[in-house]
Amino acid sequence: RDPDINYNLELVNARVPDRIELPDTIFIVQWYRAFKHQVTLNDLLTLGSTLLLFAGLFILLRTRITRYRRLLTGSAVLLTLLSVGIHGIALDKYWELTDRREAIVVEPEISAFPAPLERAETVQFKLHEGTKVEIQQSQPGWVEIILLDGKKGWVRTHSVMML
């Protein structure tokens with residue numbers, strides 16, 4: 001949420017030589033990702049819990065105020081469903097934050113191989129310093145990486161730094 005941090009991040013990303021273009025996705029997926037990116041996990045949990053608290057309050061009021069019983073019941077059901085949805089998004093964000101093992105290429109140029117074996121004729125693709133990759137698995141001296149566009153390959157452990 002800090003504009004200075006966002007500016008610096010955009011500046012650094014503009015200088016990365018390996019630009020990976022993602023294919024366009026449908027509007028709903030773009031909106032969901034943008035929403036999930038804008039809010040923190042704490043924001044989502046606070047909002048979902050507050051909605052659940054108000055749903056409980058409406059259920060309690062429903063027993064006291066008989067005139068608005070239907071409205072209070074409908075509102076409580078709606079708030080409960082919204083709370084479940086918000087908590088689902090929070091769970092998705094939590095998994096995204098904890099399950100991903102990411103790294104940055106720290107050497108000027110590296111080659112990715114189809115197996116943890118370095119042979120010049122089997123180079124699948126090359127990466128440059130600053131490229132962000134996801135770590136799939138590792139073996140002594142090697143890590144298997146995957147790029148945002150789905151390309152996979154093995155690179156030397158010393159050529160990437162874990163985030």
Side-chain angles (χ1 to χ4, degrees), residues 1-16 18-65 68-106 112 116 124-125 127 129-140 142-155 157 159-163:
R1 295 182 186 170
D2 186 338
D4 290 335
I5 292 173
N6 287 333
Y7 173 78
N8 290 339
L9 188 58
E10 287 175 18
L11 184 64
V12 168
N13 284 334
R15 294 184 180 177
V16 172
D18 296 318
R19 296 198 97 31
I20 299 170
E21 298 295 326
L22 295 174
D24 289 336
T25 58
I26 60 174
F27 170 74
I28 299 245
V29 173
Q30 289 176 349
W31 177 84
Y32 175 76
R33 286 179 181 163
F35 174 74
K36 193 170 73 166
H37 180 72
Q38 290 295 323
V39 294
T40 65
L41 183 59
N42 197 27
D43 292 342
L44 290 169
L45 292 174
T46 302
L47 177 61
S49 299
T50 304
L51 291 174
L52 201 56
L53 179 69
F54 277 110
L57 180 65
F58 286 174
I59 292 295
L60 184 68
L61 287 175
R62 184 183 76 126
T63 60
R64 304 272 185 210
I65 305 172
Y68 298 108
R69 187 178 208 127
R70 280 184 117 171
L71 177 64
L72 290 171
T73 301
S75 298
V77 169
L78 178 65
L79 289 176
T80 302
L81 291 174
L82 282 172
S83 176
V84 168
I86 295 292
H87 279 96
I89 296 170
L91 183 62
D92 183 31
K93 185 157 183 106
Y94 173 77
W95 283 337
E96 179 182 308
L97 293 172
T98 59
D99 288 349
R100 296 185 80 167
R101 296 185 332 163
E102 295 177 330
I104 298 288
V105 175
V106 293
Q124 287 188 298
F125 53 90
L127 294 171
E129 185 176 22
T131 304
K132 190 176 188 179
V133 297
E134 185 176 338
I135 306 294
Q136 292 290 304
Q137 58 180 316
S138 61
Q139 291 184 4
W142 293 89
V143 290
E144 184 183 31
I145 62 167
I146 186 168
L147 302 179
L148 287 174
D149 61 0
K151 292 181 187 172
K152 284 186 177 184
W154 288 85
V155 297
T157 305
S159 61
V160 295
M161 180 182 289
M162 295 294 290
L163 294 178

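Everything numeric here is computed off the predicted structure, so don't read it as measured data. Position 1 is the first residue of the sequence, and the numbers go up from there.
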Steps toward side-chain contact (heavy atoms from CB on, under 4.5 Å) verdict (V143, M162): CA-CA 11 Å; V143 290; M162 295 294 290; 5.9 Å; no
Candidates V105, V160, V106, I104 - the one meeting side chain to side chain contact (heavy atoms under 4.5 Å, CB included) with T131: V105
Distance in Å, R64 CZ paired with L61 CG, rounded so as to fall on 0.5 Å steps: 9.0 Å
Value rounded to 0.5 Å, distance of OG1 in T46 from CG in L51: 11.0 Å
Rounded distance (nearest 0.5 Å) linking atom CG of L147 with atom CD of E134: 10.0 Å
Closest heavy-atom pair and its distance - F54, L79: CB-CD1, 3.7 Å
Shortest non-hydrogen separation from K152 to F125 and the atoms involved: O-CE2, 3.4 Å
Distance-minimising heavy-atom pair for T80 and A55: OG1-CB, 3.4 Å
From CG (L91) to CG (L45), nearest 0.5 Å: 9.5 Å
side-chain contact (heavy atoms from CB on, under 4.5 Å) assessment of Y32 paired with I89: CA-CA 9 Å; Y32 175 76; I89 296 170; 3.7 Å; yes
Distance in Å, F35 CZ paired with Q38 CD, rounded so as to fall on 0.5 Å steps: 9.5 Å
Interatomic spacing from CH2 in W154 to CD in Q136 - rounded to 0.5 Å: 9.5 Å
L97, CG: over 12 other non-hydrogen atoms inside 6.0 angstrom: yes
Nearest heavy atoms of L44 and K93, plus distance in Å: CD1-CD, 4.1 Å
Chi angles and distances behind the side-chain contact (heavy atoms from CB on, under 4.5 Å) call for E102, I135: CA-CA 6 Å; E102 295 177 330; I135 306 294; over 6 Å; no
Residue list, salt bridge (Lys or Arg N to Asp or Glu O under 4.0 Å) with E96, at least two apart or on another chain: K36
Heavy-atom closest pair, residues A90 and L41: O-CD1, 3.2 Å
Closest heavy-atom pair and its distance - G48, S83: O-OG, 2.8 Å
